[in-house]
Amino acid sequence: MMDIETLRFIWWVLLGVLLIGFAVTDGFDFGASMLLPLVAKNETERRIVLNAIGPFWEGNQVWIILGAGAIFAAWPFVYAVAFSGFYLLMLLLLLTMGISRPVSFKYRSKLPNHFWRRFWDQIVFIGGFFPALIFGILVGNVLTGVPFYFDENLRIFYSGSFWDLFRPFTLWCGLTSIAMLVMHGGLYLAIKTEPPIRERAIVWSRWAAVILILFFAIGGFWVAQGLTGYELGSPIDHAGFSNPLHKQVLPKVGAWLHNYTLYPLSMLAPALGFIGALGALLTANFGNSRFAFFCSSLSVMGVIATVGVSMFPFILPSSTNLASSLLVWDASSSRLTLLFMLVAVAIFLPIILLYTSWVYHALRGKVSRHTIDQDEHSAY
C-alpha cells in the first residue's frame, strides 16, 4: 500500500499532467480562434478554419473539467482558496470559454446574414483570446502569491480585490500565454488547412514563437531578479495531517529558482520550453508541419512544467499570511480519498486517451476549400 507522502506527490504530478493535457489540446483551438480574423480573408476561408477545430474543441475541454475535479477532490484547500479568491476572474472565464464560445460555434451557421456571421466570428475570437489571457494571469498570480489567510479554525479569508489580480508580472504572464497558444494554434492550422490559409498560419505561428521565446526569457529573468518567491523556513512532515498553519514560510527574491540547484534535472522543464519553441520556429514549414506541432506541444509542456517545478512543494502561496501557504504536503485530502481517486484515474484515464486518439485519427486530414464548397450545410 502506498503511503500518503507518495500519494500526495503522485497527485501533484497528475495535476500537472491534466493541466498540460488541457493546454496542449484546448490550447491549439484557442490559438486557432485567435487567428481566425488574421488567416481567413473570406467566408469560405473562415468556414475552413472553423471546421478545422469544430470537431475537437468541445472534447478538448474535458481536460479542464478533469483538472478542476482533481483540485476539488485531491486538494480541497487549494480549490476553496482559488475558486473564491479568483471568483470574478473565473466568472469571466466561464462567460468567454464556457458560454459565449460554445454558442458562437453553434449559432454562426444558423443564418446566412453577413452581419450575423461577422458578429459570431468576433465572439469566436474573444472566446480564444480571453481564456488564453486569463489562464496566464492566473498562473502569474499563483507565482506572486495570493492574498489569503486561515484563522485558527482554518476558515479562509481573502483580503485582495479584483484589480489586485492585474499586476505587471501577471499581465506579462497573460501575454506570454497568448503568444504560446497562437504559436500552437497556427501550427495546428498549418496541418489541417491548405494554402493560402496554411502560409498565413505559419507566418503568425513563427512570429508568436519568437515572442514566446523572448517573453519566457524575460519572465525568467524577472522571477530571478525582481519577483519575491517563497521558501520553507522550518521542517515539515511530508506524511502529516493537512494543516497549512504548522510551518514557517520566508519570502525571498529568486526563491523560485532554488529547486534548479537542488534538482539539476529540473532544468529540463525550462529548456524544453525554449527548445520546443525554437524547433517550432525553424521547422514550421517542413513537410506537413506535424513535427513543428510536436515541438510546439513540447514547448507548451515545458512552459507549464517550469511553473510547477519552480514552485514545488508550494501549490498556492499566500502573500498575506505566509504560514497559510498551501503545500503538496499539507493541503491534500486523506490517504483513502487519494488512493480511491488514483484507482479511478488508472481505470478511466486510459479509456479517455484511447477514445481521444481514435477521434483524432478518424478525423485526420485537411479541411479543403472543395470540401466546404460541396457542403453548404456543414455544422460550421
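As a basis for the values below, the full set of heavy atoms in this structure was taken, side chains included, without hydrogen atoms, waters or symmetry mates.
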Should the pair E43-R117 be classified as a salt bridge under the 4.0 Å nitrogen-to-oxygen rule? yes
Sidechain N-carboxylate O distance under 4.0 Å for E5, R335: no
For the backbone of [Y] and the side chain of [X], can you confirm whether one donor and one acceptor N or O come within less than 3.5 Å of each other?
X	Y	value
S242	S332	yes
S234	Q248	yes
S333	A73	yes
S297	V24	no
S289	A190	no
Y230	T144	yes

For atom NE2 of H238, decide whether the heavy atoms of other residues, nucleotides or ligands shown that lie under 6.0 angstrom number more than 12. yes
Tell me whether the count of non-hydrogen atoms from other residues, nucleotides or ligands lying under 6.0 Å of CZ in F162 goes above 12. yes
Before you tell me yes or no, could you show the steps for F77 and F150 under ring-ring contact (aromatic ring centres under 6.0 Å, His included), namely the whole-Å CA-CA distance, both residues' side-chain angles and the distance that decides it to 0.1 Å? CA-CA 10 Å; F77 285 109; F150 294 96; 5.6 Å; yes
Flag the pair [X] / [Y] as yes when at least one side-chain heavy-atom distance between them is below 4.5 Å, and no otherwise.
X	Y	answer
V345	W11	yes
F86	I134	no
K247	L327	yes
W120	V103	yes
F129	F30	no
F28	L181	no
K192	R364	no
E45	V39	no

Going hydrophobic residue to hydrophobic residue with side-chain gaps under 4.5 angstrom, can you get from L250 over to V253? no
Less than 3.5 Å apart, any donor N or O on the side chain of [X] or [Y] sitting next to an acceptor on the other?
X	Y	value
S334	T337	yes
S109	R47	no
D29	N60	yes
T193	R198	no
R167	N141	yes
N288	K366	yes
S161	D164	yes
S325	S318	no

Working for side-chain hydrogen bond (donor to acceptor under 3.5 Å, both in side chains), residues Y188 and S205: CA-CA 9 Å; Y188 173 78; S205 68; over 6 Å; no
[Y] ring center within less than 6.0 Å of [X] ring center:
X	Y	answer
Y158	F148	no
F274	F216	yes
F56	Y360	yes
F9	W329	no

